[in-house]
Amino acid sequence: MRLTQLPLTTFKEVPADAEIVSHQLMLRAGLIRRLSSGLFTWMPLGLRVLRKVEQIIREEMDRAGALEILMPVVQPAELWKETGRWDIYGDLLLRIRDRHERDYCFAPTAEEVVTEIARRELRSYKQLPVNYYQINTKFRDEIRPRFGVMRAREFVMKDAYSFHLDQASLDGTYERMAEAYTRIFTRLGLRFRKVDAHGGEIGGSKSQEFHVLADSGEDQIAWCEGDSFAANVELAPALPPRLPRPAASATPDRVPTPGVRSIDDVAAFLKIGTRQCLKTLIVEGNEGGLVALCLRGDHELNPLKAERLAGVARPLRMAAPERVLAELGAPVGSLGPVGLTIPLFADHSAGAMADFACGANAPDTHLTGVNWQRDLPEPATHDLRNVEAGDLSPGGGGTLSIARGVEVGHIFQLGDKYSQSMHATVLDQDGKERVMTMGCYGIGVSRIVGAAIEQNHDANGIIWPEPMSPYDVMLIELNPKKSESVTAAALKLYNDLQAAGFEVLLDDRDARPGVKFADADLVGITHRIVVGERGVKDGKAEYRHRPTGAEEQTALEDVVEFLRNRQASAARG
RNA sequence: CGGGGUGUAGCUCAGCUUGGUAGAGCGCUUGCUUCGGGAGCAAGAGGUCGCAGGUUCGAAUCCUGUCACCCCGACCA
């Protein structure tokens, strides 16, 4: 493709409504254009990237034995009513009505439709297992779309659904999908991690997520180098401290702390570390009352863990500050476990504290030198906090590392949640009707494009992992109007490279060199070849590798060979 | 949906407090000079100031309503 034929509009300035780099760069490089909140047009260059991602996914899904189908994006309400999700799914589901006043929705996912297909098509255990997949548009009416393509309302997802007679078969396909995903993200050239996850609202039991590592990621994941432990921080168990609680040594004291509220304030005011402070959080109980949760001051509450406690409301809700003040007689900033009459749960680490500071349950007052057992009853301890870097791994192999990630893939074992309610059955060996068991496997295709940029960019622009690069080669001819020999050399290279199977983007615009270089960096194509008067005189072209910035000269007639070697060495890794 | 903020040229923004008939930089068009990391000069095109009401002799500016977008929270590929 010649740039004179492709109207590429790039921006020097950062669009005001884009917050994260990937969104900014995608807009600046002309990959996408926003139509409306959470709705984007994929422009020619962006679409090429999206298609490359799709293709790799398609190849690996096919290799893993999955069957590609294409389901409607508009789905009838009746199916969703069968599983009950018409009512449960809520406002995320975009509902529409046709001319006959019949209800439909725009697919946020396709369990219902695929289960409908399966119950019609699959009759015998001999046909199982079957794994259907599609790469298709989804719509979720997110409360707050943001981060460009990373959380759009309309997006491209690869969704797969497998059907089995028994758990063993499901386990097998689940593992094959985990392997396929690992191959996909490896082939895409992304740094990623597979972690244990919780199933969310889709239901089911076993579930793992694939995260592209990026500092801007919304999720935190924890893993241990020394063992196989890897989990979303939501799920990672925090082990009780190894050392027993130190003996009480301080004498209890009551300290006026006017205006001191947060743990940081308390620690600073008392001139102690936040880990010497105990924080008391009040959440709603499941029978209308309140429940207290105690954590070490430097720890963070894990809501998922807390809502599993007996007596705690699900989902977890923090108690309103007014209610806390009214029922406990102290504002949120001055609470502590001493003398509390509501049910109390302490995190393991909180239970291991000695001589700690905490609120006194009186306005603007704190206690210091407090000790369990001596000053208040021994608490029931549970795992209530998020793990932190340096915590012991539950796998026993050492300590945990923590990083941020963007969730780009999620695999689940669904069990019979959908097949049961939709009565998707086959006959088994004994001629008995059996409800199939299911797995489902998603990849956020369009999100991968954003995540890849989050992970791979510099001050000048995007740095595509080679497999995602919209073109193989960015060919730049410098000052085309000035020198016919340059134009001729560039054109010959353009044709030769294409004949050799390379996808080439030729910058034949009548623009200044600086503009071309800047655009090339912004767009981020892996290999760049410059043909200019200087080099052409000596029969040379100049090569530059976008990811490393490494430059080399090569004879014009050797460029094809040169790039072949480059690609080969990249493929070897 | 709750809280905060913004809507002025394709993009980034100024002008609004104190009403007087629309601006800058980048981009775009044309010409000349330039030409190896976002050129210079000159001449242009381009905006019913988000929309609708209201106040006023007069509204981008003040008032009311409305819509859109962005940020913070719960959700997720």
Work out how far the P atom of B:rA22 is from that of B:rC41, and round it to whole angstrom.
27 Å
From the list B:rC76, B:rA74, B:rU12, which nucleotide is the closest neighbour of the side chain of A:R146?
B:rA74
Cut-off 3.5 Å, side chains only: do A:T10 and A:D519 have a donor facing an acceptor?
yes
What is the separation between atom CG on A:D508 and atom P on B:rC35, rounded to the nearest whole Å?
21 Å
Taking the six-membered ring for Trp, are A:F40 and A:H23 ring centroids under 6.0 Å apart?
yes
Using the ring of each side chain (for Trp, its six-membered ring), is A:Y441 parallel, tilted or perpendicular to A:Y174, with breaks at 30° and 60°?
tilted
Side-chain N or O of A:R512 closer than 4.0 Å to phosphate OP1/OP2 of B:rU34:
no
Taking the same atom, C1', in B:rA52 and in B:rC11, what whole-Å distance lies between them?
28 Å
Suppose we define a pair by two distances each less than 3.5 Å, Watson-Crick or G-U wobble; what does B:rG31 pair with here?
B:rC41
How close or far is atom C1' of B:rC70 from atom CZ of A:R153, stated in whole angstroms?
14 Å
B:rC35 phosphate, OP1 or OP2, under 4.0 Å from A:R509 side-chain N/O:
no
From the options B:rA77, B:rC35, B:rC71, select the nucleotide whose nearest atom is closest to the side chain of A:E19.
B:rC71
Ignoring the backbone of A:I143, work out which of B:rC1, B:rC75, B:rG38 is nearest its side chain.
B:rC1
Do the side-chain N and O atoms of A:N302 and A:E234 include a donor-acceptor pair separated by under 3.5 angstrom?
no
Check every strand shown and say whether A:D17 touches a base, only sugar-phosphate, or nothing at a heavy-atom separation below 4.0 Å.
sugar-phosphate
Describe the nucleic acid contact of A:R528 in one word from base, sugar-phosphate, nothing, applying a heavy-atom distance below 4.0 Å.
base
Do A:R34 side-chain and B:rC70 base share a donor-acceptor contact under 3.5 Å?
no
Using a distance-only test with no angle check, is there a side-chain donor-acceptor pair under 3.5 angstrom linking A:Y418 and A:R85?
yes
Would you mind reading off the distance between A:N232 atom CG and B:rA77 atom C1', rounded to a whole angstrom?
14 Å
Paired nucleotide for B:rU56 [Watson-Crick or G-U wobble; both distances under 3.5 Å]:
none
What's A:V408 touching, base or sugar-phosphate or nothing? Going by heavy atoms closer than 4.0 Å.
sugar-phosphate
Do other residues, nucleotides or ligands put more than 12 heavy atoms under 6.0 Å from A:D458 CG?
yes
What contact category does A:L92 fall into here, base, sugar-phosphate, or nothing, at under 4.0 angstrom with non-hydrogen atoms?
sugar-phosphate
Please measure how far the P atom in B:rA14 lies from the corresponding atom in B:rG3, and state the result in whole Å.
26 Å
Mapping A:P145 and A:R28 onto RNA chain B by nearest heavy atom, which one lands closer to the 5' end?
A:R28
Interatomic distance at C1', B:rG47 relative to B:rG31, whole Å
26 Å
Just checking A:V445: base, sugar-phosphate only, or nothing, at a heavy-atom cut-off of under 4.0 Å?
nothing
Would you mind classifying the nucleic acid contact of A:N460 as base, sugar-phosphate or nothing, using non-hydrogen atoms under 4.0 angstrom?
nothing
Base, sugar-phosphate or nothing for A:G409? Non-hydrogen atoms, less than 4.0 Å.
sugar-phosphate
Say we look at B:rA68 and B:rG27: how far apart would their C1' atoms be, to the nearest angstrom?
25 Å
Describe the nucleic acid contact of A:A152 in one word from base, sugar-phosphate, nothing, applying a heavy-atom distance below 4.0 Å.
base
Contact class for A:G30 vs. all strands (heavy atom < 4.0 Å): base, sugar-phosphate, or nothing?
nothing
Is A:S36 near enough to B:rA68 that one of its side-chain N or O atoms lies under 4.0 angstrom from OP1 or OP2?
no
For B:rU61 versus B:rA77, give the span between their P atoms, rounded off to a whole number of Å.
46 Å
May I ask you to check whether over 12 heavy atoms, not counting those of A:K81, lie within 6.0 Å of atom NZ?
yes
Could you tell me how far apart A:E142 (CD) and B:rA74 (P) are, to the nearest whole angstrom?
13 Å
When rounded to whole Å, the CD to P distance for the pair A:E218 and B:rC72 reads 9 Å
Rounding to an integer number of Å, can you tell me how far A:N136 CG sits from B:rA77 P?
16 Å
For B:rG65, give the paired nucleotide (Watson-Crick: N1-N3 plus N6-O4 or O6-N4; G-U: N1-O2 and O6-N3; both under 3.5 Å), or none.
B:rC51
Look through every strand shown and name the nucleotide pairing with B:rC13 as Watson-Crick or G-U wobble, where both distances are under 3.5 Å.
B:rG23
Rounded C1' spacing from B:rA24 to B:rU33 in Å:
26 Å
Classify the nucleic acid contact of A:D519 as base, sugar-phosphate or nothing, counting any heavy atom under 4.0 Å across all strands shown.
base
So for A:E13 and B:rG27, does any side-chain atom that can act as donor or acceptor lie under 3.5 Å from a complementary atom in the base?
no
If only side-chain N and O atoms of A:R144 are considered, is one of them under 4.0 Å from the OP1 or OP2 phosphate oxygen of B:rC71?
yes
Mark this stacking check for A:F517 against B:rG38 as yes or no, applying ring centres under 5.5 Å and ring planes under 30°.
no
Toward the 5' end of RNA chain B, by each residue's nearest nucleotide, A:G38 or A:M157
A:G38
Euclidean distance for C1', B:rC51 against B:rA59 (whole angstrom):
15 Å
A:L27 has an atom CG; how far is it from atom P of B:rC70, in whole Å?
11 Å
Mind checking if A:G444 touches a base, just sugar-phosphate, or nothing, with heavy atoms under 4.0 Å?
base
Evaluate whether atom CZ of A:R261 has more than 12 neighbouring non-hydrogen atoms of other residues, nucleotides or ligands under 6.0 angstrom away.
no
What is the nucleic acid contact for A:R544, judged by heavy atoms within less than 4.0 Å: base, sugar-phosphate only, or nothing?
base
Closest to the A:D521 side chain, choosing from B:rG37, B:rC75, B:rA77
B:rG37
A:D215 atom CG: more than 12 heavy-atom contacts under 6.0 Å:
no
Tell me the interatomic distance from A:E111, atom CD, to B:rA77, atom C1', rounded to whole angstroms.
12 Å
